[in-house]
There are 2 protein chains.
Amino acid sequence: MSTAEETAGGEIEPWDEVTPDAARRLLVAAVEAFAERGYHATTTRDIAGRAGMSPAALYIHYKTKEELLHRISRIGHDRALDILRTAAAGDGDATLRLAEAVSSFVRWHAGRRTTARVVQYELDALGPEARAEILDLRRQVDAEVRGIIEDGVATGEFDVPDVHGTTLAVLSLCIDVARWFNVDGPRTPDEVGALYADLVLRMVGAAK
Amino acid sequence: MSTAEETAGGEIEPWDEVTPDAARRLLVAAVEAFAERGYHATTTRDIAGRAGMSPAALYIHYKTKEELLHRISRIGHDRALDILRTAAAGDGDATLRLAEAVSSFVRWHAGRRTTARVVQYELDALGPEARAEILDLRRQVDAEVRGIIEDGVATGEFDVPDVHGTTLAVLSLCIDVARWFNVDGPRTPDEVGALYADLVLRMVGAAK
DNA sequence: GCCGAAACTGAGCGCTCGCTTAGAACGCTC
DNA sequence: GAGCGTTCTAAGCGAGCGCTCAGTTTCGGC
């Protein structure tokens, strides 16, 4: 039996790894509040209120407001990295693996926009040690995408003069989806994923 | 004689239109503080301190902290729109005009990263009327880029199945430069501009 | 049905926030 | 050099912040 929560946007957020139930409700409430207003503009009273609890209850499950953000950021980055690793380890050629990596990564940023927004844009609110931990995960994310592009260049599938710069641009393009994607807009996450996969293949000069 | 200010990053910020001098110093201080910490994490005491004034002095020149953000956002969007209009109104073909639009737009986001960060990422901190005004400017930004792409499709220079989606992606790519660009990093704004112009021409299927 | 640990609440502490006010200092006009 | 509007500061107000704590409720194990 799943303990997934359904948010206002209709997204299914599988925060199954967070227990007990009250801690998960608080974390989901924090994700929504941080995504809507930003970390600094969100109050602990607001988070607790959304979870149907008193302000003090938050501190039973989390030491500080920052620990909530840290947990969210860690789980989110783990998930994002997992998506890219799965795509990178696929058994197609580089073109296919890059298309799959971009479309699934974008699908996550669009479909789980609430989470992705917090994960990608609230990094600066973390303290030095927590930020360093997350930055290490980001380097691994970068390495996965760069690896696929290097593979494609090696096999002659891609024509990329600046591998590092292009990797940066591809990731930047995908990540920024979390900023502009609108659940009530004209595009589904699947459609944006397909469009972006096509655009990225063009960027690396892959044959259609 | 210019009254331009030189910031810590070595960028020249021509806030000439802001007078008197004390008001401009406060505004430049606010740009730096908002860019570093975000609007909500910045205190009016910090802004005034950076400008070498007491906290109360801020309220001689601005009604509220939000008015400071509004002024910054308005001026920044005006400048960004001006850059795109100039490129769009150039006399080359669509390929040349798109390349010029992207490279100059990216150059601004990288070279004036401090300003661009505030302009692009602190929109949600504005009140409803101010936000509506800025969103209207963003629609004009979108229309300029879309116009060039439509021109290129009409002349057969570009091969773009989804003009609206591609416009969104191109702008998204450029804007996100303000998030990741590092003044101390390996690339100059000129280099990023050139790289991105090339990537965008590939995205629209333009002949090299 | 009793007990101790765990989960939770109501009240509120100490602090810092955005912003205000009273009055001093400055610069310009005549 | 008197008068006056402008620009600034020192002090601080009311509110809301993150977080704490004493005490109440809940609940599984026996």
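Lettering follows sequence order; numbering is per chain, from 1.
- When the P atom of C/dC8 is taken as reference, atom CZ of A/Arg25 falls 7 Å away, rounded to whole Å.
- In this structure, CG of B/Asp46 is placed 10 Å from P of C/dG18, rounded to the nearest angstrom.
- Counting to the nearest Å, the P atom of D/dC17 and the NZ atom of A/Lys65 are 9 Å from each other.
- For C/dA6, the OP1/OP2 oxygens have no side-chain nitrogen or oxygen of A/His61 closer than 4.0 Å.
- At least one side-chain heavy atom of A/Leu98 sits under 4.5 Å from a side-chain heavy atom of A/Phe158.
- We find that CG of B/Leu68 is positioned 10 Å from P of C/dC19, with the value rounded to whole Å.
- Spacing between atom NE2 of A/His40 and atom C1' of C/dG18 amounts to 17 Å, rounded to whole angstrom units.
- Under a 4.0 Å N-O distance rule, the pair A/Arg179/B/Asp176 does not qualify as a salt bridge.
- Residue contacts for B/Thr43: at a heavy-atom cut-off of 4.0 Å it reaches the sugar-phosphate backbone alone, with no base atom in range.
- Residues A/Tyr59 and B/Ser54 both approach DNA chain D. Their nearest nucleotides, taken by heavy-atom distance, put B/Ser54 toward the 5′ side.
- In this structure, CE of A/Met53 is placed 17 Å from P of D/dG18, rounded to the nearest angstrom.
- Salt bridge annotation for B/Asp78-B/Arg85: absent, with no cationic side-chain nitrogen under 4.0 angstrom from a carboxylate oxygen.
- B/Thr44 has a side-chain polar atom (N or O) that falls below the 4.0 Å cut-off from OP1 or OP2 of C/dG18.
- Per the geometry, CG belonging to B/Leu58 stands 14 Å off P belonging to D/dT7, to the nearest Å.
- Look at B/Asp46 and B/Arg50 and you find a salt bridge, because one of the NZ, NE, NH1 or NH2 atoms lies within 4.0 Å of a carboxylate O, short of that distance.
- Candidate nucleotides C/dG18, C/dA7, D/dC19 were compared by shortest atom distance to the side chain of A/Ile60, and C/dA7 ranks first.
- On a pure distance criterion of 3.5 Å, a polar donor-acceptor pair joins the side chain of A/Arg45 and the base of D/dG18.
- Note on ring orientation: taking the six-membered ring where Trp is involved, the planes of A/Phe105 and A/His109 are perpendicular (angle over 60°, cut-offs 30° and 60°).
- In the set C/dT21, C/dA7, C/dG18, C/dT21 carries the atom at the smallest distance from any side-chain atom of B/Ala56.
- For the pair B/Asp21 CG and C/dC26 C1', the computed distance is 16 Å after rounding to whole Å.
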